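Residue numbering restarts at 1 for every chain, and letters A, B, ... go by the order of the sequence lines. Computed from a predicted model, the values in this text were never measured in an experiment.
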Number of protein chains: 2
Amino acid sequence: MTRFKLDHFLPYQIAVLSSRVSDGFARHYRDTYGISVSEWRVVAHLSQSDSVSVREIHKRVDMDKPKVSRAASRLETAGYVTKTVNPADRRLVELKLTGKGREMIEALSPIADAYQAKLEALLSDPEEFRRQIAQLSNELVSQPRVDD
Amino acid sequence: MTRFKLDHFLPYQIAVLSSRVSDGFARHYRDTYGISVSEWRVVAHLSQSDSVSVREIHKRVDMDKPKVSRAASRLETAGYVTKTVNPADRRLVELKLTGKGREMIEALSPIADAYQAKLEALLSDPEEFRRQIAQLSNELVSQPRVDD
DNA sequence: GGCAGATTGTTTTAAACGAAACGAAAGACC
DNA sequence: GGTCTTTCGTTTCGTTTAAAACAATCTGCC
């Protein structure tokens, strides 16, 4: 019986925290719009930058290529997003929010902000916490894989 | 083009951090012992408490029942764990580390500690960070599902 | 004892996943 | 132009997942 305390292990604690924090908001968009976390991320990113390629999202949003591709396809069939081949470079697929997609993000955006405010209200020093997260995260950027 | 900044969204930041932090150590036990995160969690918990039921792990380790059950089965076929029906209550399955399993956790445990130390060295105030995580996590304990 | 309800662990099902392979298109080089 | 390499997005393959259904066992109560 070796003594290793999982509940004091930082990666475990962060993983548990992450899934709880995520669930609190994921519930909203899952129940209301039927989208998943991956899809939420794509839409959220699309709300910042009008028209974006799959590749761009893959790089900016911490998801691998197939995951972005699939999320985009689901969002397209659900009518939240359009996919068009970029005529200048026909390898690229441009993703764009539809009216329905824009409505969704416009409804979700204030809820997300409120949720974030609620989270920060639970912390004694939100700014410091945020700083620590950013610092750790930056130190741990994984080496780019061989493929991409 | 609604303005919502995903990279400033706390749940997203934490999720990214979590996967990076987790990967740093998961790499070790995946490459060396061929086990996954779920399996690591089960073994790690078993190292604390000699013989434990699936249910116990499910409750203590933030994994749902099927996930624990499958992780346990994989660990059993890999020879790290034995499963025995509890004679006092034959619904219960007692999980126990084999010699091989104990060797594994004994090899991994110091690596885990070292990794944790490395993480904490990256933080200006590790104790404060830990405290904030615990606080947030506790506030967000999700309601128990209807089933279990 | 016997039977309704609760509990435990596994299995079923449909969906999602990661890794690798793939085809199509673009770029580099001669 | 032609060929080789790189890039981009999708698809394939096998595995894992969550949610629900399931069988087996136990408990409480008559």
Next on the checklist: How would you summarise protein contacts on nucleotides 9-15 of chain C per nucleotide, using B for base, S for sugar-phosphate only and - for none, with heavy-atom distances below 4.0 Å?
Outcome noted: BBBBB--

Next on the checklist: One pair to check against side chain to side chain donor-acceptor pair (under 3.5 Å): Ser109(A) and Glu106(A). What are the steps and the verdict?
Outcome noted: CA-CA 5 Å; Ser109(A) 176; Glu106(A) 245 143 49; over 6 Å; no

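- Note: CE (Met63(A)) to C1' (dA16(C)) measures 11 Å, nearest angstrom.
- Checking side-chain atoms of Glu39(A) against main-chain N and O of Ala72(A) turns up no donor-acceptor pair under 3.5 Å.
- Thr32(A) places a side-chain N or O within donor-acceptor distance of the main-chain N or O of His28(A), the cut-off being under 3.5 Å.
- Remark: C1' of dA21(C) and CG of Asp64(A) are 15 Å apart, rounded to the nearest angstrom.
- Residues Asp23(B) and Arg20(B) are not in side-chain contact: their nearest non-hydrogen atoms beyond the backbone lie 4.5 Å or more apart.
- Applying the ring pair (Phe, Tyr, Trp, His ring centres under 6.0 Å) criterion to Phe25(A), with sequence neighbours excluded, gives Tyr29(A), Trp40(A), Phe9(B).
- With rounding to whole Å, His58(A) atom NE2 is found 9 Å from dC8(D) atom P.
- Atom CD in Glu39(B) sits about 12 Å away from atom C1' in dT15(D), given to the nearest Å.
- dT17(D) atom C1' lies 12 Å from atom NZ of Lys67(A), rounded to whole Å.
- Atom pair Asp23(A):CG and dA18(D):C1' shows a separation of 12 Å (rounding to whole Å applied).
- With rounding to whole Å, Arg27(B) atom CZ is found 11 Å from dA19(C) atom P.
- Judged by distance alone, with hydrogens and angles left aside, the side-chain atoms of Tyr12(A) form no donor-acceptor pair with the main-chain N or O of Lys5(A) at under 3.5 Å.
- Atom CD1 in Ile57(A) sits roughly 14 Å away from atom P in dC8(D) (whole-Å rounding).
- Across all strands shown, Ser38(A) has heavy atoms under 4.0 Å from sugar-phosphate atoms exclusively, and none from any base.
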